[in-house]
Student: 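Take this structure, written in structure tokens, and hold onto it; I'll ask about it next.
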Amino acid sequence: MPMHVRDAMSSVVLTIGPAHTLRQAARLMSARRVGSAIVLDPDTSGLGILTERDILNSLGAGQDPDQETAHDHTTADVVFAAPGWTLDEAARAMSQGGFRHLVVLDAGDPVGVVSVRDIIRCWAPAPQPVPA
């Protein structure tokens with residue numbers, strides 16, 4: 001029986017605004033132990049995603065994390081998944097799109113995020129204890 005996105009996704013959804021600085025976003029992501037934040041822009045009614053890689057790229061370019069905002073580094077052309085997608089469908093979408101996170105929507109609302117790491121955890125067998 002195939003596993004679905006709902007089985008793998010993290011239901012810890014960090015939502016930030018476009019005016020959050022990258023430092024603020026990084027602190028929140030670190031505190032919640034997540035690799036991405038959903039950026040909700042009330043002016044456009046749109047959802048975007050800010051990932052740890054976006055923050056890393058900004059720092060690597062010498063930008064100031066206290067001046068750069070989530071808005072300037074948000075991926076706006078997000079591919080969304082549904083909870084009922086199979087993990088194969090999610091992995092295929094990630095592979096084809098070249099990204100590592102999918103925002104999971106249910107009835108238009110963000111209910112989770114599924115990452116490559118989440119999918120691997122479901123596909124890889126749990127380590128078995130070594131007999132003594």
Student: Above 12 or not: heavy atoms from other molecules or residues under 6.0 Å from CZ of R23?
Tutor: yes
Student: Nearest 0.5 Å, what's the NE2-OG distance between H101 and S115?
Tutor: 5.0 Å
Student: Return the minimal non-hydrogen interatomic distance between C122 and L87, and the atom names on each side.
Tutor: CB-CD1, 3.6 Å
Student: If two hydrophobic side chains count as joined below 4.5 Å and joins carry through other members, does F80 share a cluster with V114?
Tutor: no
Student: Please check if L50 and L28 belong to a single hydrophobic cluster, counting links between Ile, Leu, Val, Met, Phe, Trp and Tyr side chain heavy atoms closer than 4.5 Å.
Tutor: yes
Student: With the side chain counted from C-beta on, respond yes when T74 and D54 share a heavy-atom pair under 4.5 Å apart, and no when they do not.
Tutor: no
Student: For I119 and A91, work out which heavy atoms get closest and say how close.
Tutor: CD1-N, 4.0 Å
Student: Are V12 and I38 co-members of a hydrophobic cluster defined by side-chain heavy atoms under 4.5 Å apart?
Tutor: no
Student: Membership question, hydrophobic clusters at under 4.5 Å side-chain separation (ILVMFWY): are V5 and V79 in the same one?
Tutor: yes
Student: Count I, L, V, M, F, W, Y as connected when their side-chain heavy atoms are under 4.5 Å apart, and connections chain through other members. Are V13 and I16 then in the same cluster?
Tutor: no
Student: Is it true that, when you exclude H20 itself, more than 12 heavy atoms of the residues, nucleotides or ligands shown sit nearer than 6.0 Å to its NE2?
Tutor: yes
Student: With a 4.5 Å limit on heavy-atom distance, are the side chains of V111 and M9 in contact?
Tutor: yes
Student: Assess whether side chain to side chain contact (heavy atoms under 4.5 Å, CB included) is satisfied between L102 and W85, documenting all intermediate values.
Tutor: CA-CA 11 Å; L102 284 170; W85 278 21; 4.1 Å; yes
